[in-house]
Amino acid sequence: MQLKPATPSNLRPSTVVLRPSGCLDSARSPDFRKSLEQALDLATDTVIVDLLSVNVIKAEGIRSLIVGMKRAAALGKTLSLEFVDAVTRMILEEQLQDLS
């Protein structure tokens with residue numbers, strides 16, 4: 001039996017979890033968006049964004065989530081949002097309907 005050496009491509013996780021905190025506003029959203037892009041590149045299947053510790057999501061944060069959803073779909077991956085407040089969920093649903 002021959003074993004293949006471990007390479008980065010076969011060590012990638014199937015799921016990556018992001019846990020932003022505080023406010024996703026114009027100051028913090030660029031870093032969040034970059035982290036989300038990196039997570040989508042790294043995960044082979046799913047990225048989970050746990051929003052439990054996020055107390056405010058401003059327009060730029062919403063845009064970052066929408067860009068992430070589009071990118072996940074283009075890559076054939078799943079982007080799952082956990083602990084989304086009702087107002088943010090409503091805005092995301094409206095924005096995604098407008099894109100259809």
Side-chain angles (χ1 to χ4, degrees):
M1 180 168 98
Q2 188 176 12
L3 297 176
K4 288 176 63 175
T7 61
S9 63
N10 63 9
L11 287 178
R12 292 174 42 203
S14 65
T15 302
V16 173
V17 179
L18 292 179
R19 290 186 175 96
S21 62
C23 183
L24 289 180
D25 57 8
S26 59
R28 300 209 41 215
S29 287
D31 289 339
F32 170 69
R33 187 178 293 195
K34 184 176 180 180
S35 296
L36 184 53
E37 289 172 3
Q38 291 171 340
L40 285 166
D41 288 340
L42 181 63
T44 60
D45 185 50
T46 303
V47 173
I48 298 170
V49 180
D50 177 349
L51 297 168
L52 183 64
S53 297
V54 173
N55 49 7
V56 176
I57 301 179
K58 300 279 185 161
E60 186 60 35
I62 297 286
R63 279 190 286 279
S64 295
L65 292 170
I66 290 170
V67 167
M69 290 174 177
K70 288 181 185 178
R71 185 145 191 255
L75 294 170
K77 298 180 182 183
T78 301
L79 177 61
S80 175
L81 304 178
E82 301 292 328
F83 302 104
V84 181
D85 65 85
V87 172
T88 301
R89 181 175 305 280
M90 182 183 70
I91 293 169
L92 285 170
E93 288 172 355
E94 287 175 3
Q95 292 293 318
L96 292 173
Q97 277 184 340
D98 290 344
L99 297 174
S100 304

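The figures here come from the full heavy-atom set of this structure, side chains too, leaving out hydrogens, waters and symmetry mates. Heads up: numbering here begins at 1 and tracks the sequence.
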Apply side chain to side chain contact (heavy atoms under 4.5 Å, CB included) to Leu81 and Asp50, showing your working.
-> CA-CA 6 Å; Leu81 304 178; Asp50 177 349; over 6 Å; no
Rounded to the nearest 0.5 Å, what's the gap from CD on Gln95 to CE on Met90? Could you check?
-> 10.5 Å
Closest contact, heavy atoms only, Ser14 versus Ala43 = O-CB, 3.8 Å
Can you find a pair of side-chain heavy atoms, one from Met69 and one from Leu96, that are under 4.5 Å apart?
-> yes
Yes or no on side chain to side chain contact (heavy atoms under 4.5 Å, CB included) for Ile48 and Val16, after CA distance, side-chain angles and deciding distance?
-> CA-CA 6 Å; Ile48 298 170; Val16 173; over 6 Å; no
So, are Arg71 and Asp41 salt-bridged, with charged N and O less than 4.0 Å apart?
-> yes
Are Leu52 and Leu18 connected, step by step, through hydrophobic side chains (Ile, Leu, Val, Met, Phe, Trp, Tyr) whose heavy atoms are closer than 4.5 Å?
-> no
Cluster overlap Val87 with Val49, hydrophobic side-chain contacts below 4.5 Å = yes
Give the table of side-chain donor-acceptor pairs shorter than 3.5 Å for residues 54-64, with sequence neighbours excluded, one pair per line with atom names and distance.
residue, atom, partner, partner atom, Å
Glu60, OE1, Arg63, NE, 3.2
Glu60, OE1, Arg63, NH2, 3.1
Glu60, OE2, Arg33, NH2, 3.2
Ser64, OG, Arg33, NE, 3.3
Ser64, OG, Glu60, O, 3.1

What distance separates Lys34 NZ from Ser29 OG, expressed to the nearest 0.5 Å?
-> 15.0 Å
Point-to-point distance, once rounded to the nearest 0.5 Å, from CG of Leu24 to CG of Leu51 | 7.0 Å
Atom pair CD1/CD1 of Ile91 and Ile66 - distance to nearest 0.5 Å = 9.0 Å
Decide whether Val67 and Leu79 are clustered together by the hydrophobic rule: side chain heavy atoms of Ile, Leu, Val, Met, Phe, Trp, Tyr closer than 4.5 Å, transitively.
-> no
Any luck finding a side-chain donor-acceptor pair between Glu37 and Ser35 under 3.5 Å?
-> no
Taking the side chain as every heavy atom from C-beta outward, state whether Leu65 and Leu92 have any atom pair closer than 4.5 Å.
-> yes
